[in-house]
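So the structure is just underneath, and the comments pick up after that.
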Amino acid sequence: MKNIRLDVEYDGTDYCGWQRQSEGIPTVQGELERVLSRILQERIVLMAAGRTDRGVHARLQVVNFSTCSAMDLPRLAHACNALLPAAIRVGGPEEAVPGFHARFSAREREYRYFLIEHPSALRNRFTGCSNGVLDLSAMRRAADFLPGVHDFRFFSREPSGRESLLCRITACEWLQENGTLVFRIRANRFLRSMVRYLVGVMIAAGRGRVSPEEFLSALESGMPHRLPQVPAAPNGLFLWDVTY
């Protein structure tokens, strides 16, 4: 058996997230497993670095799978791209060491959220929209409180019974690029919808509906109180990078 690693890029707009679901529900994992199984003539099960939500995109998703096939890897990638929908592309195929696991071997992941202040017909597919001018300085002050280890149970959709909901944030900032606000965050792990909830709160800070200090208090106490808990739209979010 070989352990094969692939890099995957996808536009998640028309998919119900990464994770395979029941028959008839379109997911990125389901599409890719279907194509790989057809090419290799064996059942392929993918392990992924992260499970993105419905409508979320990936600049770099990393997967691995086991196979008995001796097919040349560049040929495998070419065949995949010929059969996959245009919204999913694969590249960088390589044989990984036997113990490599796309999820458990990862040291850090990076997400980026792209945000515009006014609606755009041309950019809507890949950006969230605040529908109004934001105070970027307030959003940056809120983001400055995030680095470190925190319990994000109230900023996610994870089941409350999970044993550990601690995440270590190693980098976090708001940038401005060509009229777009970009939220960049790196961590050892992310909870379900965590980035979207954090962006939602920081948009509220940018609108003056919550102060950065109130956000810090909620983060330290684990009690969001009156903080708005509305996740930002999924279309602005990208799984951007995975570090091993």
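- Within the 3.5 Å criterion, the main-chain N or O of Val97 finds a donor-acceptor partner in the side chain of Asn3.
- The backbone N or O of Arg196 lies less than 3.5 Å from no partner atom in the side chain of Ser193, so there is not a single donor-acceptor pair.
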- Can you check ring pair (Phe, Tyr, Trp, His ring centres under 6.0 Å) on His57 and Tyr10, steps first, answer last? CA-CA 6 Å; His57 320 290; Tyr10 53 86; 8.1 Å; no

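- No more than 12 heavy-atom neighbours from other residues, nucleotides or ligands sit within 6.0 angstrom of CZ on Arg54.
- Aromatic ring orientation, Phe155 versus Phe152: perpendicular (interplanar angle above 60°, classes split at 30° and 60°).
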- Item | Pair Glu108-Arg186, salt bridge (charged side-chain N to carboxylate O under 4.0 Å, His left out): steps then yes or no | CA-CA 7 Å; Glu108 285 191 331; Arg186 292 184 68 89; 3.2 Å; yes

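- The main-chain N or O of Leu46 is found under 3.5 Å from a side-chain atom of Glu33 such that the two form a donor-acceptor pair.
- A salt bridge links Arg141 with Glu213: the closest approach of a Lys/Arg side-chain nitrogen to an acidic carboxylate oxygen falls below 4.0 angstrom.
- More than 12 heavy-atom neighbours from other residues, nucleotides or ligands sit within 6.0 angstrom of CZ on Arg184.
- Salt-bridge formation is not detected for the pair Arg89/Glu9: no Lys NZ or Arg NE/NH1/NH2 atom is positioned less than 4.0 Å from an Asp or Glu carboxylate oxygen.
- Put simply, the side chain of Arg125 reaches to within 4.5 Å of the side chain of Asp11, judged on heavy atoms.
- Looking at heavy atoms from C-beta onward, Lys2 lies in side-chain contact with Glu95 at the 4.5 angstrom threshold.
- A heavy-atom distance below 4.5 Å is not found between the side chains of Arg51 and Val28.
- Atom NE2 of His118 is surrounded by more than 12 heavy atoms from other residues, nucleotides or ligands within 6.0 Å.
- The aromatic rings of Phe238 and Phe114 stand perpendicular to each other, their planes meeting at an angle above 60°, with 30° marking the opposite boundary.
- Judged by a 6.0 Å distance limit and a 45° cone about the ring axis, Arg140 is not positioned over the six-membered ring of Trp174.
- Formation of a donor-acceptor pair under 3.5 Å by the Asp135 side chain with backbone atoms of Arg207 is not found in this model.
- Using modelled atom types and a 3.5 Å distance limit, the side chains of Thr52 and Gln61 yield no donor-acceptor pair.
- Between the side chain of Tyr111 and the backbone N or O of Phe183, no donor-acceptor pair lies under 3.5 Å.
- Val182 and Phe190 are assigned to two separate hydrophobic clusters, defined by single-linkage of ILVMFWY side chains at heavy-atom distances under 4.5 Å.
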